[in-house]
Amino acid sequence: MGNVLEEDFEYVAALALPWDEFRGKTFVVTGATGLVGSLVVRTLLYCNGAHDLGLSVIAVVRDVDKARRILGEESDALSFCVADLSAGKIDIEGDCDFIVHAAAVTASKQMVTDPVGTIDTAINGTRAMLELAVRKKVKSFAYISSMEIYGQPDSEGKTAEKDLGLVDVGAVRSCYPEGKRMCECMCTAYASQYGLDVKSARLAQTFGAGILPGENRVFAQFARSAMAGEDIVLHTTGESEGNYVYTADAVAAILMLLVKGEPGEAYNVSNEASHVTIRQMAQLVAHDIAGDAIKVAIDIPEGADFGYAPPVRMWLDSSKMRALGWEPHVGLTEAYMRMMEWMGKV
């Protein structure tokens, strides 16, 4: 491969994780053609070779052709399972030891144009995967949640896992954070009632090497502007505070949670040093990345609805995750540099 993404795989493979616990085991990864799910699959396959683990990965997908483009052809270590999780339907043949449930609607525009589908994917899909986990008696289950679960925090200082704030259920886009809340509630219920070893990873916005073609979230838009020498145009005032984590750091946290996280618990996964407003991040890209060759402009069309999350003031506290031995290693500027190097190759 010989690129920045391979360096990320090498980094994760070199971490002091209890790799022997993965030896000969079967992983099921949903959302395997999305950003987080695809990187979990690809990292596991790399570590499989690096540590001679003899593991296998079942990638749950809706489109096999898309899966092949992103993940490669099926092999002894990789197989595809086609399932419609929004309908709550999935079955896996044979044993299953670990589940990473990353399937979710992540495009803000889709959240406001198809809120029912967003809810169905969250609730039906998560319940189907939890039921599968109980049937298969899995060793560990990681649910990929989101910082948006916090809504509008009402506490001062950094936001810890107990500091849930307000989610406006009267807003259409709340289908996403409210769905995440219900899914975490289901995880807690299955942990309590069935003894399922399930934990939730509340990811900060995750980006870096490995982002997929067509990615249109703000980090990708800012990067494309810098690469094209075009001004960054904000469609809000950019006052919302962003919390970020580099892709490889997020994957490392997920793998660590599988073997070290406490059942029924949720963990913030965020680089606390990568905390800026959206406008500050745009200015960082224009100044530090583009060398002031571009500028930041604000253009808010009257009546436009881009599906963005409401402005929020929040600084995620990742001390609970760090107590397990996890540390983020890539900051915001380097994350952009590595992502843009990757974008120039794909």
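Sequence positions, counted from 1, serve as the residue numbers for this chain.
Between Phe22 and Trp19, the ring-plane angle classifies as perpendicular under the 30° and 60° cut-offs. Classification of the Tyr246-His329 ring pair by plane angle, with boundaries at 30° and 60°, yields perpendicular. Note on ring orientation: taking the six-membered ring where Trp is involved, the planes of Phe27 and Phe98 are parallel (angle under 30°, cut-offs 30° and 60°).
No donor-acceptor pair closer than 3.5 Å links the side chain of Glu341 to the backbone N or O of Arg338. Without hydrogens or angle criteria, Glu184 side chain to Ser145 main chain gives no donor-acceptor distance under 3.5 Å. For Asn48 (side chain) and Gly54 (main-chain N/O), a donor-acceptor pair under 3.5 Å exists by modelled atom type. A side-chain donor-acceptor contact under 3.5 Å links Arg23 to the backbone of Asp52. For the pair Ser274 (side chain) and Ser270 (backbone), a donor-acceptor distance under 3.5 Å is absent. Remark: the backbone N or O of Thr159 is paired with a side-chain donor or acceptor of Asn268 at under 3.5 angstrom. Of the possible polar contacts, one joining the Trp326 side chain to the Asp249 backbone as a donor-acceptor pair under 3.5 Å is found. Not a single donor-acceptor pair under 3.5 Å links the side chain of Glu215 to the backbone N or O of Ala220. Under a 3.5 Å cut-off, the side chain of Thr121 and the backbone N or O of Val105 do not form any donor-acceptor pair. A side-chain donor-acceptor contact under 3.5 Å links Thr206 to the backbone of Ala204.
Salt bridge annotation for Lys136-Glu131: absent, with no cationic side-chain nitrogen under 4.0 angstrom from a carboxylate oxygen. Under 4.0 Å is where a charged nitrogen must lie from a carboxylate oxygen, and between Asp163 and Lys158 no such pair does. Salt bridge annotation for Glu265-Lys199: absent, with no cationic side-chain nitrogen under 4.0 angstrom from a carboxylate oxygen.
Atom CG of Asp76 is surrounded by 12 or fewer heavy atoms from other residues, nucleotides or ligands within 6.0 Å.
Here Tyr336 and Phe219 keep their ring centres 6.0 angstrom or further from each other.
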